[in-house]
Structures are given as C-alpha cells and as structure tokens.
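Note sheet for the following structure.
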Protein chains: 4
Amino acid sequence: MTIKTMNSSKVLRNRDVKENRIIDAAEEVFAGVGFANAKMDEIADVVGMSKGSLYFYFDTKENLYMAVAYRAIQLLNKLLYQALDENKAEKGIHSVLALMDVFMNYSQRYILYSEAILDYMSLNRSSGQGRIKAKMTMAIKESVFWRKIQDIQNIPFNLVIAEIKRGKADGSIKSREKPELLYLIAWANVVGYMKLNSTGGQHETFHSIPITKWKKYHIEVARKLLESE
Amino acid sequence: MTIKTMNSSKVLRNRDVKENRIIDAAEEVFAGVGFANAKMDEIADVVGMSKGSLYFYFDTKENLYMAVAYRAIQLLNKLLYQALDENKAEKGIHSVLALMDVFMNYSQRYILYSEAILDYMSLNRSSGQGRIKAKMTMAIKESVFWRKIQDIQNIPFNLVIAEIKRGKADGSIKSREKPELLYLIAWANVVGYMKLNSTGGQHETFHSIPITKWKKYHIEVARKLLESE
Amino acid sequence: MTIKTMNSSKVLRNRDVKENRIIDAAEEVFAGVGFANAKMDEIADVVGMSKGSLYFYFDTKENLYMAVAYRAIQLLNKLLYQALDENKAEKGIHSVLALMDVFMNYSQRYILYSEAILDYMSLNRSSGQGRIKAKMTMAIKESVFWRKIQDIQNIPFNLVIAEIKRGKADGSIKSREKPELLYLIAWANVVGYMKLNSTGGQHETFHSIPITKWKKYHIEVARKLLESE
Amino acid sequence: MTIKTMNSSKVLRNRDVKENRIIDAAEEVFAGVGFANAKMDEIADVVGMSKGSLYFYFDTKENLYMAVAYRAIQLLNKLLYQALDENKAEKGIHSVLALMDVFMNYSQRYILYSEAILDYMSLNRSSGQGRIKAKMTMAIKESVFWRKIQDIQNIPFNLVIAEIKRGKADGSIKSREKPELLYLIAWANVVGYMKLNSTGGQHETFHSIPITKWKKYHIEVARKLLESE
DNA sequence: GATGAATGAGGTTTCATTCAT
DNA sequence: GATGAATGAAACCTCATTCAT
C-alpha cells in the first residue's frame, strides 16, 4: 500500500467519520420530533457544525433520512446474519422463528429505524402521484444512499425465504404454502408489531397485555402456521 | 318544540352540513398529498370557501384531521356492527373471522381512514416528548373531535373481545389464551396488512403474491390460531 | 350598476392600488441595486408590508419584475401614441422621427424601464438553454404579467411600421428598403443609445460629447436614411 | 540572465498557463449560465482544480470576470489592428467601414465577450450608487485585471477616430461632424446590434429579417452617414 | 357568518470566500 | 502551491393562523 493510497483511505475514513457523526445527530433529532418537524438547523447544532458544512455532506434533508434508513437496514441485516449463523445447525423452522424474533426485537428497540425502513419502502413502491411526493421522490432517488439501500434491501426477504425452503426440505416446515406467502404473513405480523410499538411509544402494555408476552405469542402463532399442513 | 329550538336545530344542522362538506374536501386533499403536505388553502379551494370560513369551523389543521379520524372510526364501527348483525346466529369463531374480514377490507379500501386511525392512536398514546409534538398534542386534545373519538374508540376492541368470549363459551374457539391477547395478535395482523396496503400504494401484488390471496390466508391463520388449543 | 358589482370593483381597485404601491417600491429597489441584488425583504420594507403579504400579491420576484416591465411597455406605448397623435397631420417621415425621439427620450429618462424591456425581450426569445434560465423561464411564462405583456409588446413595432408605410405612401420616405429593415436599423440605434445611457449612468457626456447633441444627431442620421433612396 | 530569473520567469509562465486554463473554464461557464448564475464550484470543476486553488489565482469572482473582459478587449483590438493593416492602402472611409464590420462580426461571434465589454464599461463609468454595487466596484477596481484593461480600453476608440480623421484628410469622408460624434453614432449602432444579437440568442432572424442582411444594411447606413456632408 | 388580506416565524438551500493542513 | 472542508450570511418562499370589515 503506497503512501498515496494510505492518505486517500485516511481521508475517506475521515469523511466517513464526519458523516457518521452527522447521522448520529440526525437520528437523535428525527427520533425526537419526527422527520417532518426536524430542522436542519438543530441537527447542525447537535453535531456542533455549521449548517453550510452539514450541506457539504448531505445535500438534502431527505438524503440524510435515507442515510438513516441505510443504517437501519444494515443493522437489521447484520442481526439477521448473526441469528442465521447461530442457528445454522438447527432445523429450518428453528431458524425462521429466530429470524422473526430478530425482527421483533429490532422493531421494539430501534423504533426510528423501523419507521425509516417503512418509509423507505413506501417511497420505493410509490410511483409518485401527488405533485410534491413526486418531486421528493425524484430528488431522493438520485441520492447516493438511495442506491446503496437498493443493493441491500432484499437481503431480509431473501434470507427468510431461503430458510423457509430449507425448513421445507428438512421436513421441519410442513405448510404447503409458497414460501413467499409465508413470508408475507410473517412480515405483516412484524410490521403490525412494529407499528404498534412505534405507536405505543414508551408504553409497556397494550390493552393490559405486556409487550413481552405479546411477542412470545406472535412467535408461537408463526410456529403453528409453519408446522401445520 | 319551540320556534327557538327549531331554529337552533336547523342552524345546527346547517353547520353540520358545512362541516361535512369541509371534511369531504379535507379527505380529498389529505388522501392526495398526505397530512403534512396538505394546505389549508387548497382545502378551502376544494370546498369553494374562503380560508377564513374554514377556520370558523375548524380552528386547526390537526383538528380537521381528527374530524377525518372520527369519521374513519365511525365508519369502521358501522361496518363491524353490520358484520356482527349478519353473524349473530353463527358460532363465535365465525363472527370473529367475519370481523377480521371487515378490518381487512376496510384497510384496503379506506387507506386514508386507516392511516388516520393509526395516527390517532399514535397521538392518543403519546405523552408528548418533543417540543412540537407536545404542543400539537396539547392543542389537539382540547378539540371537539378528539373528545368525540374518545367516546367511540374502544368499540372495535370491545366488539371483538365480546365475540371471542362468545366463541369460547360456545366452544368454537378453543384457544386458552386471554381474549385480549388474541385480539392483539389479530390486530397486529390487520395493522400490518393496513400498512403494507398503504405502503404498496396502487400495486396489486407484493413480492409476486396477489393481495387478494394474501387476505384469505391471513384469515385462515387466524382460524388456526383460534381453533387450536 | 348593482351594489354587488360596485363592491367588487372597489375591491378590485383596492387590490390594484396595493399592487401599484408594491411595484413602486420594487422599481425603487431594482433601480438602486439591480434585479439580481434586489431582496424581497427590502422591497417589503419599502412598501411597509410583511414579506408574506408581498408574496400574496406577487408570488415570484421574477413576476414582480415582469410587472415592472409591463408598466415600462405601457408607458412607452402611451408616449408613442401621444407623439403619433401630435403628428398625424404631418407627413409620415416626420411622424417616424418623432417616434424615434420618443424612444430616445424614454431610454434616457427611464433607464430601469428600458432595461426591463430589454430583459423581457431576452426572456421572450430565449428558448431556455441553461438549467436555471430554463427554470426561470418556465415560472415566468406562466405569470399573469407575462401574458399581459404579450398582448401589448408588439405595439411599438406595429406603430412604427405603419408610419413608415404611411411615409412611403405620401412620398416623404424615399428609401426602398422594407419597412421592417428600416425599423430594425432604427431599433438598433435606440437600443445602443439605451444601453449606452444605462451604462453611462448619471454622466452627461460620453467621450466629451454631450448626450443631448448626440441624440439630435442620431435623428438626423435616421432622416438621411429614410430620405435617401 | 541568472538562474534565479530563469526560474522565476518559468514560474511566471507556469502561472500564466494556469490562469489561462482557468479563464477558459470561466468563459465556458459564464457563457452557459451567465455571470450571476455561474458558480465558482463549477468553474473549478471544469478546470479540474480545487476551489481553493482557484482562489489562489483569482481572489474574486468579479476579478475572474474582468480577466474575461480583458481577453475580450485584447481580441477585439487584435482584430481591429488586422483590419487596419489590410486596409491601410485604402481610403479612410473604407478603413472605417472595415472596422465597423469587425465590430459587428465580433459582436455576433463572441457574445460573451461583447457582454463582458459592456459590463466593464458599465462598471467603469458607475460611481457606485447602491450599497452592493458600490462594494463590488471597490473590490474590482483594485484588481490586477482591472488595471490591465485600463491600459487598452481606449484602443478601439482611438483607432476609429484616427481613421475617421484620415478619411477626412483624404477626402473620402465628407461629413463635417466631429470624429467623436461619428464614432458615437457608429458605436451605438454596434452596441444595439450586439445587444440584439445577444438577446436574440440562437435565432437567425428578427421580425423576419435575416441577421446577415441586417448587418450589410447597417454598414451602408454608416457609409451614407460618412459620405454625405 | 363570511371573506380577503395580512402576518411572521421559520424552512431549506446556496455560495462566495476563508482556513487548516 | 494545492486541497477539501468549513463557514455564515443571506435568499427566496411557505403556510398555519389571525384580523378587520
């Protein structure tokens, strides 16, 4: 490695460090007041940086949000891979349920991330109807982070599908439905759980049911679903 | 009935008519661009009314949104009651599944309403952390429609719980879990379905699975859940 | 005239009054620092009005500039018509030279107006090449004043052409060139004079020649041009 | 010549090369979007140089523009000298008309240059009224290129005046007006032509008159002007 | 009750210029 | 000499809400 590349890599890393500090701040602010009410001013304040510099790294508020979404999916993927790794010796059904568990823990712990992922999906599928939404969509879809996300967005889906297939193959999953359908039903559960969590805010119960118990039951349902023909 | 009250009731009705025309317009606009991007100007335009008058009837944009949410819950309740009525001769499980069916059809047809309900719940549970959110919450919670919703918000929950209990009583529901938990799992499903629908926008498939098939399967899962011990 | 229409016309006039006050202020500011450096803030200040109100009347800085341009052309037309009226008994050539005289006085007295007219022409002919220019062009061309100008922009041209033809008919103009060409040469003279005046700023001489003498000579040249075959 | 000076002259030449590359880029950008909309960033991009370096060579955007203006006048002078050289054997009037021809061709081919010259003149004569304009003027007038231009700005004027005098002397120019006045009238023509060209953008006709024909006529008028007493 | 006008506190983004390395 | 990063002062425009009539 020449000095040149060392320098350049150091520089790159430097930029990454700054970007990350900004994203940290953005997360803080977004989490506090929501994307719509977040002000670039405040984010800059939190980083301890001028607004101008902020825009040097992220040329749009939306882009900054997409950076958060990217982190969100990255983290999710990492956690899923971990779970996969820990369960590769087990039967498929075990693995699938472990993945669901990851999803649910994630959606409970990383509420901002969960919402970012949902928002990203929303944007991703919208063909841009309303004027404004259309404009925003345009701008976002040219951003760097948008593309970065594109590359990793399907990993969760693919992982789960693969494990369902493995479960079918090893006989631990008996349902005859298409893997995609099974995924969807699980995904809906997770999203519902997510949304209810994010809606619930800091509460620990919902209609007198403690959230912890709830999660356990969700997984049991999934098990039943997969095991029965 | 005196002339006085006749006049006043006519006046009241008059006011109601206006309010409803406004809410109609608001729905149109909210549905088109979302709450955040909706402009009071445009709503006034759609009603064919001055902005000043608009504010005579609704003193806040949020309040107007709550009026939409109120309608949303009203309609949902009405549909649920209907389903209940049609299934009162059947076993409890049948009735519960019918209610789920209503939820899902509703969330697919009335996307704006679904989101309004979710947003309302979000607001309802939030204790208001961020400055702005706090301010908004304050304002909203004093509004007329907020209180109106309070009175009917629990109806869906109560209806479903009652039918689950009935099902348990008549033996058609064998699960030993608490009705509230069963409700929650179903509710999560519905919310997930809702969110995915609203996210999906105008698409008819999701990962190659047609939405219609999806709904049917959701209900089957619920049936399995309720029937198995 | 009913009360209704009286009201409405009064209202209209009221709006016109305000608009005119705004345009007055805009002229002051534009003349002082040029269009590019003019700030809406300052214009609002000069009118004694909030920025918001300013935007109630003119939704774009460019549009406000077009309002100035509209005034400019209106005034020019008025002055041309006057000159025409005063010379209708005279031969055509006399009339044409009188019109030129109007142009030149105008460009010397109303520098801002002259520049506005030139800028308008620039915009009018540009098919929008550069990104920004294109964007601006779009916005402007939908403005009310843009259309208003469109209706009167050709009057100067038409008036002069008509008089040239009259001069040819009555024998006072002997040049055999097409009227349009004669117009163009005169127009170039005027524009040059305009530009030199606006460039010269407040100076009264240019390379030691007093501006007054200069104008007279310009007209003599035109006369020569028209009279010779 | 010592090594020292050799080095320094090589360095100087090096600097000149860089400066010229920068000016090349600046011309490209200015021509594309106009001075006001030109961004130093883009210019730096086009040169393939950092913005910091750009500012090492030109400490102001305006100064860079003046460099362009300097080039513009330099080129104009060169072309005028050429024409002069080609016509030194001819009578004065011939020469004067040839110079006019140069002016007109120039203003048609080098639109950016023409505008730069006009802007320079504008700045040169303005005593700086508006705050901003005043500030700009201050800064510019201390710049290197400003002074460089000062030295050559009068060449066109002087050349033409000299030829007019020659024409009067050799009898080919019969007009009894002062040479300065004759120059002015011609200059106004040229400026008008310039402005109309730059206004016209890419169009080839103006009110149905082809630009080529127009130029020829302009010169005929000038001839008439000079030949008649 | 209704209306058009007014308000003003932001909001995002831009960019010439400067600085530290 | 060169570079990328930093700065900050504006600039334009938005829009929920209020007010005078």
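Chain letters run A, B, ... following the sequence lines, proteins first, then strands; residues in each count from 1. Quick note: numbers below take in every heavy atom, side chains included, and nothing from hydrogens, waters or symmetry partners. Here the structure is a predicted model, which means the values were calculated and not measured.
Classified by interplanar angle (parallel below 30°, tilted 30° to 60°, perpendicular above 60°), the ring pair D:F30/D:Y65 is perpendicular.
Here the nucleotide nearest the side chain of A:S50, chosen from E:dA6, F:dT7, E:dG1, is F:dT7. Of all nucleotides listed (F:dA2, E:dA2, E:dT13), F:dA2 comes nearest to the side chain of D:K18. The side chain of C:K61 approaches F:dC13 more closely than any other nucleotide in the set F:dC13, E:dT12, F:dT7.
Counting to the nearest Å, the C1' atom of E:dA2 and the CD1 atom of B:I22 are 12 Å from each other. The separation between C:F35 atom CZ and F:dA11 atom P is 13 Å, rounded to whole Å. When the P atom of E:dT3 is taken as reference, atom CG of B:D41 falls 14 Å away, rounded to whole Å. When rounded to the nearest whole Å, the span between CZ of D:F58 and C1' of F:dA2 equals 16 Å. Rounded to a whole Å, the CG atom of C:D45 is 12 Å from the P atom of F:dA11. Rounded to whole angstrom, the span from the CZ atom of A:F56 across to the C1' atom of E:dT17 amounts to 14 Å. When rounded to the nearest whole Å, the span between CD1 of C:I43 and P of F:dA11 equals 11 Å. In this structure, B:N63 places its CG atom 14 Å from P of F:dA16, rounding to the nearest Å.
Comparing the same atom, P, in F:dT21 and in E:dG1 gives a spacing of 22 Å after rounding to whole Å.
Sequence order on DNA chain F of the closest nucleotides to C:M40 and A:L54 puts A:L54 first from the 5' end.
The residue D:Y57 sits close only to the backbone: its heavy atoms come under 4.0 Å of sugar-phosphate atoms, none of a base. As judged by a 4.0 angstrom heavy-atom cut-off over every strand, D:A38 is placed among residues touching the sugar-phosphate backbone only.
Between A:S53 and F:dA6, a side-chain N or O to OP1/OP2 separation shorter than 4.0 Å is absent. Residue C:R15 places no side-chain N or O under 4.0 Å from the OP1 or OP2 atom of E:dG4.
Across B:A69 and B:Y120, no two heavy atoms sit closer than the pair CB-CB, 4.3 Å. Summarising the geometry of B:A26 relative to B:V68, their closest heavy-atom pair is CB-CG2, 4.5 Å, with the distance given to 0.1 Å.
Formation of a donor-acceptor pair under 3.5 Å by the B:R21 side chain with backbone atoms of B:G48 is not found in this model. C:K39 contributes no side-chain N or O that, together with a main-chain N or O of C:V29, makes up a donor-acceptor pair within less than 3.5 Å. Of the possible donor and acceptor atoms, none in the side chain of C:T60 sits under 3.5 Å from a partner among the backbone N and O of C:N63. No donor-acceptor distance shorter than 3.5 angstrom exists from the side chain of C:K148 to the backbone of C:A67, with no hydrogens or angles considered.
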For nucleotides 18-21 of chain E, tabulate all protein N/O to nucleotide N/O atom pairs closer than 3.5 Å, reporting atom names and distance.
none

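With rounding to the nearest 0.5 Å, the separation of CG in A:D45 from NZ in A:K51 is 9.5 Å. The structure places CD1 of D:I23 at 7.5 Å from CD of D:E27, a figure rounded to the nearest 0.5 Å. Atom CD1 of A:I22 and atom CG of A:L54 lie 5.0 Å apart (nearest 0.5 Å).
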Any chance you could encode DNA chain E as dot-bracket? Rule is Watson-Crick or G-U wobble with both distances under 3.5 Å; [ ] for pairs crossing earlier ones, | for another strand. .||||||||||||||||||||

